[in-house]
2 protein chains.
Amino acid sequence: MLPERTVERLSEYRRSLLQCLEEGKTHIFSHELAELHHNTAVQVRRDIMFIGYTSMQRKGYDVRELINVIGDILDSEQGLNVAVIGVGNLGRAITTYFIGKRSKLNIIATFDVDTTKIDRVISGVKCYPLSRLKEIVEKEDISIAIMTVPADSASEVSTQLVDSGIKGVLNFTTVPLQVAPDVYMDEYDMITSLEKVAYFVKTART
Amino acid sequence: MLPERTVERLSEYRRSLLQCLEEGKTHIFSHELAELHHNTAVQVRRDIMFIGYTSMQRKGYDVRELINVIGDILDSEQGLNVAVIGVGNLGRAITTYFIGKRSKLNIIATFDVDTTKIDRVISGVKCYPLSRLKEIVEKEDISIAIMTVPADSASEVSTQLVDSGIKGVLNFTTVPLQVAPDVYMDEYDMITSLEKVAYFVKTART
DNA sequence: GAAATATTGTTAATTTAATCACAGTTTAGG
DNA sequence: CCTAAACTGTGATTAAATTAACAATATTTC
């Protein structure tokens, strides 16, 4: 089990590495990768050490191999199925954003309570009524949910999620959710991020 | 200058506290606040210690006072102006999301290169051509930019941002941006978050 | 009003994450 | 083939963040 921060960075490295591959770059040095990601060469090497990959000395890391090793760590072999819960502006944005990107994570359903959205195909993904959550999650073997419902229904919906057998949640709601201990959850709050930027802008002024 | 994580948590506490106020709750204990935020009472007390607020012993923290103290720390007196750069799905979602929320941060302009969007009012905010960035930023005293442009134009746009005098950036692009050292930047990458959730779901299985 | 209880504020200890420092390799240049 | 230069891999160290531990204080109960 890798440190959270290392997992994040590996995901980011992979994106850069894929870019390198497209540009025909076959090898990359730790300091180059570091430069691309606001961090240090040592940090990059340490992260790569965690996943047990070693380069050919002096040539840098083999881009293609490193991509594969990171894939072995991050990806599940058969891929994982993902659902977006709440088809508002943000839900739609995220869905369209992900569709056609990385292939091991498939958004295969969205859910909403709005009857005008139900059964329609939005951004290439079918929208189901929230009442069918458990049924569809089981049938389609969905293990991850992206929560983009309004704040006032968030905690109720999260109960249903856990109930339906979801194993991981990415919560974009402003409400911190309570989930069962075996469910992994990551919360992201845009307002907090913006307020943080504002704070540091403010304090830099002095 | 507070630790980053403390700043984040203060922002989150404030949200809960405002909620408490609405519900007529006038005092709150550290362990109550902790429960609402997946963390411990000690952590809450430590965070509050950082901002130098002390409660009446045994009564818990005065909700209204605490909100004010957090406001003194996080908010700028006259507020800060914010622009959204890139009016795609995500940009629109974020704009509508923020409009009408917290009042000390005002989204007052959006920018895009798409001529069909320019000069239109989207989610209540006017869209300007990117070419007028510097002019508008100066005129309207905008200090924070939210980046939601496509990956391939991200680094070019970020140069323009720094050039225009922006002091803080919230980057939703998948590309890590290079900014001047006096510009504060926070990067958030949804793909990374989702891959992180997937990793921990995967490893929990074993 | 004394004892028991609940809660805060803070020092100390622990854990986690990042950085330093350097030995070990490989390559390049003479 | 020898020396210098360029990188990697990793033990040791430092720094940052979290948690534990507990004294101090206010409130309640009897």
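Residue numbers begin at 1 in each chain, while the letters A, B, ... track the order of the sequences.
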remark   = A/Leu2 CG to C/dA18 P, in whole Å, measures 13 Å
note = For B/Val175 and B/Asn171, the nearest pair of non-hydrogen atoms, with its separation, is O-ND2, 3.0 Å
ask   = Distance check: side-chain N/O of B/Ser30 vs OP1/OP2 of C/dT8, anything under 4.0 Å?
value = yes
remark   = Residues A/Lys196 and B/Asp186: closest non-hydrogen pair is NZ-OD1, 3.1 Å
request  = Ignoring hydrogens and angles, state whether a donor on the side chain of B/Ser123 or B/Thr96 is under 3.5 Å from an acceptor on the partner side chain.
outcome  = no
query = At how many degrees, to 10°, do the end axes of the helix from C/dG1-D/dC30 to C/dG30-D/dC1 meet when each uses five pairs?
reply = 0°
query = Could you state the CD-C1' distance from A/Gln43 to D/dA15, rounded to the nearest angstrom?
reply = 13 Å
task = With heavy atoms under 4.0 Å as the rule, sort A/Thr6 into base, sugar-phosphate or nothing.
result = nothing
task = Check for a donor-acceptor pair, side chain of B/Ser11 on one end and backbone N or O of A/Glu195 on the other, with a separation under 3.5 Å.
result = no
Between A/Thr192 and B/Arg15: side-chain donor-acceptor atoms closer than 3.5 Å = yes
ask   = Given that B/Ile28 and A/Pro3 both sit by DNA chain C, which one's nearest nucleotide is further toward the 5' end?
value = B/Ile28
key: d(CE, A/Met49; P, D/dA12) in whole Å   = 12 Å
note = Atom CG of B/Asp47 and atom C1' of C/dG9 are separated, to the nearest Å, by 13 Å
ask   = So does B/Arg46 get a side-chain nitrogen or oxygen closer than 4.0 Å to the phosphate oxygens (OP1/OP2) of C/dT10?
value = no
d(CZ, B/Arg9; P, D/dA16) in whole Å = 15 Å
request  = Using whole Å, report how far CZ of A/Arg5 lies from P of C/dT15.
outcome  = 21 Å
request  = Please test A/Tyr188 against A/Ser193 for side chain to side chain donor-acceptor pair (under 3.5 Å), starting from the C-alpha separation and ending with a verdict.
outcome  = CA-CA 8 Å; A/Tyr188 180 73; A/Ser193 283; 2.8 Å; yes
Any donor-acceptor N or O pair under 3.5 Å, side chains B/Arg46, B/Thr6 = no
inquiry  = Would you call the rings of B/Tyr13 and B/His37 parallel, tilted or perpendicular, taking 30° and 60° as the class edges?
reply    = perpendicular
query = Over how many whole Å does the gap from A/His27 atom NE2 to D/dC7 atom P extend?
reply = 14 Å
request  = Name the closest nucleotide to the B/Phe29 side chain, picking from C/dA17, C/dT7, D/dT10.
outcome  = C/dT7
request  = Rounded to the nearest 0.5 Å, what's the gap from CG on A/Leu66 to CD1 on A/Ile48? Could you check?
outcome  = 4.5 Å
Side-chain N or O of B/Ser55 closer than 4.0 Å to phosphate OP1/OP2 of C/dT7 = no
ask   = When you check every protein heavy atom under 4.0 Å of nucleotides 22-30 of chain C, what one-letter string (B, S, -) results, 5' to 3'?
value = --BSBB---
Salt bridge flag under 4.0 Å for residues A/Glu8 and A/Arg5 = yes
inquiry  = Could you tell me how far apart B/Glu4 (CD) and C/dA17 (P) are, to the nearest whole angstrom?
reply    = 15 Å
remark   = Closest to the side chain of A/His31, out of D/dT18, D/dC7, C/dT8, is D/dC7
